[in-house]
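Remember, predicted model here, so these are calculated numbers, not experimental data. FYI, the numbering just counts along the sequence from 1.
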Amino acid sequence: MMNTARRPERRTELLAAGAASVTVVLWASAFVSIRSAGTAYSPGALALGRLLAGALTLGVICLVRREGLPPRSTWRGIAVSGVLWFGFYMVALNWGEQEVDAGTAALVVNIGPLLIALLGARFLGDRLPPRLLAGMAVSFAGAVTVGLSMSGEGGSSLLGVVLCLLAAVAYAGGVVAQKPALGQASALQATTFGCLVGAVMCLPFAGQLVGDAADAPVSATLNMVYLGVFPTALAFTTWAYALARTTAGRMGATTYAVPSLVVLMSWLALGEVPGVLTLAGGALCLAGVAVSRSRAGDARAAAPEETEQRTERQETAPRPEEAETPK
């Protein structure tokens, strides 16, 4: 019976891990697309175009699935997440990647998972188990290694570093604000309306979007649409699905795999051959994610044994009606 009871929980964990993996891959691809589209679109215009494409895609899915409005109690969390994560984060990141090299941007933005874990412990009551902290330390060391190995080419400006740091703070704040809303709203509702809030926030850039689109090459525009449909509409939904089924700290630690995947995608798509130090950093990032998402084997083994012993004691104990009455 114990094994049967664990099957739904194990299935949920596997689905959440699968959703998180989809998110990580698509978000990694976003770095390549942002760099490509950013040559033709200004930061605000690129963010607005991406959010409009994402909102349109999500809106169609909501109509097909007949998703209604999220519960009123979730509006605040969704709105805060939309402003910080869908709006401010995207503009700041687009701008930051125009000012600093890829290594510096990856390094600074990857402060986000640390902030998520700390804010989650402070405001959501998430635990910080030793394995999560150890995994985060390993992954952060890998992110630093990747950042240092990639920062040899190109300069970096103080403005770019500050923008990427602000993006990381907004990312962390948006995740922590979204987590409670997912207790009542579906992943699709939280993503759709968060995306709409972000798009409304970026409407002041509408004039720039129209002007940039008129002059931009088709490849840049297609990259912008790709960013809206896949790294935004799909990846943010799979993220919300996984976040609803685990802690904010563990989900944040999962995104440490992004820098290593960015290196691999840049290698395949742009012909940028990574060095030994870059590959080592990527391996550290992935190893840290594996550690942070694992569970102590001894605790898992001890729990069934302890439960079986407790059940055995209960079965051998005399029932009240069978107990001998005092004479």
Side-chain angles (χ1 to χ4, degrees), residues 26-57 80-112 147 150-151 154-175 194-233 235-236 255 258-259 262 265-266 269-270:
L26 291 178
W27 281 357
S29 71
F31 278 86
V32 178
S33 291
I34 287 172
R35 291 186 64 82
S36 178
T39 58
Y41 286 92
S42 61
L46 179 58
L48 177 58
R50 174 180 179 177
L51 289 167
L52 289 176
L56 179 61
T57 303
V80 172
S81 176
V83 170
L84 291 178
W85 197 7
F86 288 84
F88 187 87
Y89 166 82
M90 291 191 183
V91 176
L93 179 61
N94 293 344
W95 192 358
E97 284 202 58
Q98 292 184 357
E99 297 290 331
V100 300
D101 56 86
T104 303
L107 171 60
V108 177
V109 171
N110 268 278
I111 295 174
M150 295 174 65
S151 61
S156 57
S157 69
L158 178 60
L159 174 61
V161 172
V162 171
L163 287 168
C164 290
L165 179 59
L166 290 175
V169 173
Y171 157 46
V175 171
C195 189
L196 284 172
V197 170
V200 170
M201 179 186 172
C202 292
L203 282 178
F205 302 109
Q208 293 182 8
L209 176 60
V210 173
D212 290 347
D215 301 326
V218 175
S219 60
T221 302
L222 289 177
N223 266 300
M224 182 177 65
V225 173
Y226 169 82
L227 286 167
V229 175
F230 292 99
T232 303
F236 273 76
T255 62
V258 169
V262 170
M265 290 178 181
S266 297
L270 306 177

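- For the pair Met265 and Ala28, the tightest heavy-atom approach, listed with the atom from each and the gap, is SD-C, 3.8 Å.
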### Task
Could you walk me through whether Ile34 and Arg50 pass side chain to side chain contact (heavy atoms under 4.5 Å, CB included), step by step?
CA-CA 10 Å; Ile34 287 172; Arg50 174 180 179 177; 3.9 Å; yes
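- Summarising the geometry of Ala37 relative to Ala220, their closest heavy-atom pair is CB-O, 3.7 Å, with the distance given to 0.1 Å.
- One N or O on the side chain of Ser29 and one on the backbone of Leu26 form a donor-acceptor pair closer than 3.5 Å.
- We find the CG-CZ distance between Leu93 and Phe88 to be 11.0 Å, quoted to the nearest 0.5 Å.
- Taking every heavy atom of both residues into account, Val91 and Ala47 meet most closely at CG2-CB, 3.7 Å.
- Taken to the nearest 0.5 Å, the CH2 atom of Trp95 stands 5.5 Å off from the CG atom of Leu159.
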### Query
Run the side chain to side chain contact (heavy atoms under 4.5 Å, CB included) check on Leu46 and Phe205 step by step: do they pass?
CA-CA 9 Å; Leu46 179 58; Phe205 302 109; over 6 Å; no
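- Side-chain atoms of Gln208 do not come within 3.5 Å of backbone N or O of Gly44 as any donor-acceptor pair.
- Minimum interatomic distance between Ala235 and Pro231 (heavy atoms only, all atoms of both residues): CB-O, 3.2 Å.
- Nearest heavy-atom pair, Ala199 versus Leu52, reported as atom, atom and distance to 0.1 Å: CB-CD2, 4.3 Å.
- At distances below 3.5 Å, not a single donor-acceptor pair connects side-chain atoms of Thr232 with backbone N or O atoms of Val229.
- Looking at residues two or more places apart in sequence or on another chain, you find a ring-ring contact (aromatic ring centres under 6.0 Å, His included) between Phe230 and Tyr226.
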### Criterion side chain to side chain contact (heavy atoms under 4.5 Å, CB included) on Tyr89 and Val169, from CA distance to verdict
CA-CA 8 Å; Tyr89 166 82; Val169 173; over 6 Å; no
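- Note that the CE atom of Met224 and the CG atom of Leu51 stand 11.0 Å from one another [nearest 0.5 Å].
- Side-chain atoms of Glu97 and Phe31, non-hydrogen and from C-beta on, do get closer than 4.5 Å to each other.
- In this pair, Trp85 and Trp27 present their aromatic rings perpendicular. The plane angle is above 60°, beyond the 30 to 60° band.
- Scanning all heavy atoms of the two residues, the minimum distance from Ala40 to Pro217 falls at CB-CD, 3.8 Å.
- Not a single donor-acceptor pair under 3.5 Å links the side chain of Asp212 to the backbone N or O of Tyr41.
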